2 protein chains.
Amino acid sequence: MQKAAIEKNNEAIAAQLAPVGRETVQDRVYSELRRALIGGLFEPSQVLTIRGLADALVTSTMPVREALGRLITEKALEALPNRSVRVPPITLERLDDLLRARILIEGEAIALAAARMGPRQIATIETILAEWDEMRALKHKKDVDREVTLNQSFHFEIYRSCGSAVLIPMIESLWLQSGPCIRVAIYAFSEAGEVDTAQYHRRIVTALSTQDAQAARESLVADISRPFTFLRSKLQANAAKDQT
Amino acid sequence: MQKAAIEKNNEAIAAQLAPVGRETVQDRVYSELRRALIGGLFEPSQVLTIRGLADALVTSTMPVREALGRLITEKALEALPNRSVRVPPITLERLDDLLRARILIEGEAIALAAARMGPRQIATIETILAEWDEMRALKHKKDVDREVTLNQSFHFEIYRSCGSAVLIPMIESLWLQSGPCIRVAIYAFSEAGEVDTAQYHRRIVTALSTQDAQAARESLVADISRPFTFLRSKLQANAAKDQT
DNA sequence: TCAAAGCAAGTGTGATCACAAATCATAATC
DNA sequence: GATTATGATTTGTGATCACACTTGCTTTGA
């Protein structure tokens, strides 16, 4: 009876090997659409068709329709009464609504994270900050995609530290919903001669490294409010112009 | 050219007729599963199969699998690495996590609602309260299903008044996630000689009718915390018993 | 000339089939 | 007699098809 020995051997093997996992086509479609949505690759009010996306992603309609259904339930997309689906349009009310929810939930998440982030996590977000600075140093080529990605990594590295399996998916849903709006804001920033976004992130980092939950929350609120208030004023200006 | 007359006639018809709308099988399956989940008809850790549900609901597998996918993305169900799906098990961490999120978000929603509920809405929730009392009056037959439904109506009538299209779906997701737990708690209440649940609701109503947002929030927190803390202590007792 | 009817292409939804992976029960082996 | 191997059944996944509804365009009739 060498059961114990075999068991131990198996454990040794398990320690060496990473679980391979399986990724369905539907999962890939879903992640791809998510990425596009958060990155703002789709415009607000744009309608999406199952077959069109299936062609673009080179699969059949089946994985696409299931991914679309999932995105609709998280309000990342909108099902019209005609049964067609579109990315939700931007309205003033929706903008305010989203910002309020984000302040509430992401604020809570960062306050929780402030007490739980160790030097390891702090180092990680500092690395992301450094990458950001590096990118800005050679500013001749402004890479909006990379900017969005880094911003996302920075925030979610923090949120992951909050230790709440319930809050994080909600934050993801909020990002999904505000993604299309934010992209518009970022472009507007670019052409309006943007101020230094990184300074907000630096303030967050210093607050977190001193475990100052209150300061972290306030810095975060300032950070995420900026594009919303910017977009808000721009929207109001457009509305006023349309009325004339 | 009788265009104006025709137009007017069409408007008259439209005023009489209600839009019929269309409901897909998938939608019905989804609502049905939602109802079952919130009502706690499924036990925590129970695994669900597509074909099994399709048979139970007398449809094909197609609408069921899409509905399951949607429920998985809102964390109402859990996809195991084996690709089977189950209703998430109860753990202490998850319980605390859910309660914290519910206090945060539902608290905010009721605070917003406090400023926005008119006499009309107040009357509606008072009606629900009256129904509750009436049900308790003939207490020989305790109808847990009806209790759950009334509780849900009471809370969501309030949340609907908060005027946030972003917060409400999040609250629904939270109810979906805590539904299976709550049912366990309600059964436990029943057999432990429950205290009057309605008193918490009465306090909420009085706070709302005086537009006292702070009091409303506190009463709500007390209301939703009760089953969680109860279940929490019960779970800890079980864990201690299992360890011996 | 213009509006309304009719036709055609496109789209979502549900059913069915094929296939691969997982699970379970039975049999074979040490 | 316990453990491993093998086979059958079940299950999820993706593809394809049929049907109904929508949409946009063309044609027809006044």
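Proteins come first, then strands; the chains are lettered A, B, ... in the order of their sequence lines, and each starts at number 1. Everything numeric here is computed off the predicted structure, so don't read it as measured data.
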Name each donor-acceptor pair under 3.5 Å that joins a side chain in residues 87-95 of chain A to protein atoms two or more places apart or in another chain, with its distance.
{"residue": "A:Thr91", "atom": "OG1", "partner": "A:Glu93", "partner atom": "OE1", "Å": "3.4"}
{"residue": "A:Thr91", "atom": "OG1", "partner": "A:Arg94", "partner atom": "N", "Å": "3.1"}

Starting at CG of B:Leu53 and ending at C1' of D:dT10, how long is that distance when rounded to a whole Å?
-> 15 Å
Rounded to the nearest angstrom, tell me the gap between atom OH in B:Tyr30 and atom P in C:dT13.
-> 15 Å
Using a heavy-atom cut-off of under 4.0 Å over every strand shown, decide if B:Thr59 touches base, sugar-phosphate, or nothing.
-> nothing
Value in whole Å for how far the C1' atom of C:dG12 lies from CD of A:Glu78 | 17 Å
Quick one: pull up CG in A:Leu150 and NE2 in A:His155 and give me the separation to the nearest 0.5 Å.
-> 12.0 Å
Should B:Asn82 be listed as having a side-chain N or O under 4.0 Å from OP1 or OP2 of D:dT11?
-> no
Provide, to the nearest angstrom, the distance between the CG atom belonging to A:Leu80 and the P atom belonging to D:dT23.
-> 10 Å
Considering heavy-atom distances to DNA chain D, does A:Arg51 or B:Ser84 have its closest nucleotide positioned more toward the 5' end?
-> B:Ser84
Any residue of residues 62-71 of chain A with a heavy atom less than 4.0 Å from an atom of DNA chain C | A:Met62, A:Arg65
OP1 or OP2 of D:dT13 under 4.0 Å from side-chain N/O of B:Arg83 | yes
Gap separating the CD atom of A:Glu172 from the OH atom of A:Tyr159, nearest 0.5 angstrom = 11.5 Å
Integer-rounded Å distance: D:dA15 C1' and A:Gln26 CD = 14 Å
In whole angstroms, how far is the C1' atom of C:dG14 from the CZ atom of B:Arg28?
-> 12 Å
